[in-house]
Amino acid sequence: MSALAVTGARTLAGEPVGLRCGADGTIAALGPDLVAAPGEETLNAAGAILVPPLVNGHTHAAMTLFRGYADDLPLMKWLQDNIWPVEKRMSDEDVYWGTRLACVEMIGNGITSFWDMYWHPGAGARAVEDAGVRAVTAAPLIDDADPAKSERACADAERALERITEAAGTRARPGLWAHAIYSVSERSLRWVAERAAALDAPIQIHLSETAEEVAACIDEHGVRPAQWLDHCGMLGPKTVLAHGVHLDESELALISERGATVVTNPVANLKLAVGGPFPYLAARKHGVRIGIGTDGPGSNNSLDLLADLKVFALVQKNAAGDPAAVTAGEALEIATGRRSPLLAGAGLEPGAPADFALVRTDTPELSLGELSAGLVYAASGSVVDTTVVAGRVLMRGRVIDGADEVRQHAVECATRLGLVPDRA
Ligand SMILES: [Zn+2]
């Protein structure tokens with residue numbers, strides 16, 4: 001791969017900046033006076049700002065196929081009656097094209113890495129590699145919280161790990177995913193913790209999404225969800241807890257002590273009406289590591305993290321009764337993975353992966369005013385002009401090679417699964 005130079009851009013603070021990607025996919029140089037060398041592929045970024053890319057901390061990418069299917073239902077009815085029956089019929093091909101479609105959308109929104117949990121994870125990892133983005137890919141472990149089903153579920157999870165590892169190249173990384181404490185037995189939770197430690201792989205789990213989940217945990221185990229996870233060895237610096245809506249102060253203190261990351265999914269939580277916002281201010285006070293995710297496109301229904309970031313900031317300001325509770329700059333740090341080492345938002349500096357986006361400022365939303373505030377409060381993902389991962393241009397002028405083909409394949413898969421209404 002030839003080296004790539006970006007010239008004529010500005011930083012969020014308005015300073016001139018250029019960037020050179022090395023042949024190894026890292027940032028080789030960064031500075032105001034950078035000019036392209038002869039023969040170098042050059043991106044003339046005049047009029048654009050150079051920004052670190054967004055990190056989608058929680059999604060189920062292939063669920064693009066479920067978009068607009070069985071909306072407006074309670075979480076358990078949505079899952080048990082509508083989603084899980086169709087998921088049983090999905091093939092590798094469905095997951096591959098559903099994930100590719102999600103990648104097209106995320107690249108378009110300036111997201112270059114995501115934390116994915118889905119069935120047929122080998123196909124998901126292949127899609128990530130082919131799309132050119134980065135992801136932690138994990139397969140669900142669900143044993144209906146029945147220890148008798150644990151051995152088989154763990155064996156399936158082990159096979160899924162092998163398939164991800166086979167499909168993974170340099171950008172897809174294997175992880176482990178225990179679905180939730182209400183769907184996974186203690187035996188399986190302990191197995192996940194042990195396998196993750198042995199492989200030095202990250203863990204993902206949905207935690208404390210609904211009040212019913214918390215009540216059932218206290219009923220059954222006598223402790224709250226985070227304490228139960230800790231009892232099972234699941235809380236550590238490589239654990240991502242998705243949602244955390246109903247975590248209390250004692251749980252936030254424990255999560256902080258263990259170094260786990262909570263990924264809030266404000267739009268999915270609002271759409272499913274899970275009973276309140278993630279207690280961000282309390283989490284921040286306890287020093288909890290934080291990220292933000294879209295959740296799956298079946299329950300959000302978009303993959304536009306910038307749009308979700310506005311919702312996050314507004315919900316938190318409103319919950320606190322304080323418009324200064326979260327600033328635009330702080331929200332951007334969360335969305336770029338800077339508030340959790342596990343989410344690996346490396347920032348833009350020499351030696352870091354050459355992952356970045358160029359944002360147009362000749363748009364109505366960004367022509368005026370302070371740019372961080374513009375990005376969070378005025379813009380959506382459509383202001384992203386160029387997306388680059390490991391020095392490779394994945395989108396330029398909002399054009400992504402092969403996007404139409406991906407879209408057509410995804411529509412074919414969703415149609416075959418009976419998820420597309422007849423629009424004729
Ligand atoms: Zn989820």
Side-chain angles (χ1 to χ4, degrees), residues 55-67 69-71 73-84 86-87 90 95 98-99 102 105-106 111 113-121 124 128 135-142 145 157 160 175-184 189 192 202-214 225-226 229 234 239-247 260-278 290-305 308 311-312 335 340 342-343:
V55 180
N56 187 354
H58 176 65
T59 191
H60 312 279
M63 292 190 83
T64 46
L65 302 187
F66 287 86
R67 183 173 278 149
Y69 174 76
D71 281 294
L73 293 172
L75 174 61
M76 282 305 156
K77 191 169 173 51
W78 177 73
L79 272 179
Q80 290 170 349
D81 298 350
N82 295 278
I83 302 301
W84 287 346
V86 180
E87 286 183 335
M90 289 174 85
V95 170
T99 307
E105 196 170 340
M106 287 193 267
I111 298 165
S113 66
F114 59 99
W115 286 63
D116 195 24
M117 315 171 155
Y118 212 58
W119 307 98
H120 302 272
V128 166
V136 174
T137 304
L141 191 157
I142 298 178
L176 286 112
W177 170 27
H179 177 265
I181 55 171
Y182 55 81
S183 53
V184 183
L189 290 173
V192 166
I203 295 172
Q204 304 175 68
I205 185 166
H206 294 118
L207 192 77
S208 201
E209 184 173 6
T210 64
E212 294 76 35
E213 176 188 336
V214 179
L229 270 195
M234 286 271 289
T239 304
V240 163
L241 310 167
H243 301 302
V245 172
H246 297 280
L247 294 171
T261 294
V262 179
V263 169
T264 178
N265 300 269
V267 171
N269 292 159
L270 283 169
K271 184 158 180 271
L272 286 164
V274 295
F278 163 61
I290 305 287
I292 183 170
T294 56
D295 209 346
S299 62
N300 178 303
N301 300 355
S302 79
L303 291 163
D304 187 345
L305 207 59
D308 289 16
V311 174
F312 165 74
S340 163
L342 183 59
L343 299 181

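Indexing begins at 1, ligand by ligand and atom by atom, following the structure's order. Reckoned from all heavy atoms, side chains included, excluding hydrogens, waters and symmetry mates. Along the sequence shown, residues are numbered consecutively beginning with 1.
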Minimum-distance N/O/S atom that D295 presents toward the Zn ion (ligand 1): OD1

For V240, which of L342, V136, I205 qualifies under side-chain contact (heavy atoms from CB on, under 4.5 Å)? L342

is_close_aromatic(H58, W177), centroid dist under 6.0 Å: no

Given D295, which of H60, H206, K271 fulfils the side chain to side chain donor-acceptor pair (under 3.5 Å) condition? H60

Under 2.8 Å from the Zn ion (ligand 1), can any N, O or S atom of H58 be found? yes

Tell me which N, O or S atom from H206 is the closest to the Zn ion (ligand 1). NE2

Can you tell me if N56 uses its side chain to pair, donor with acceptor, with the backbone of T294 under 3.5 Å? yes

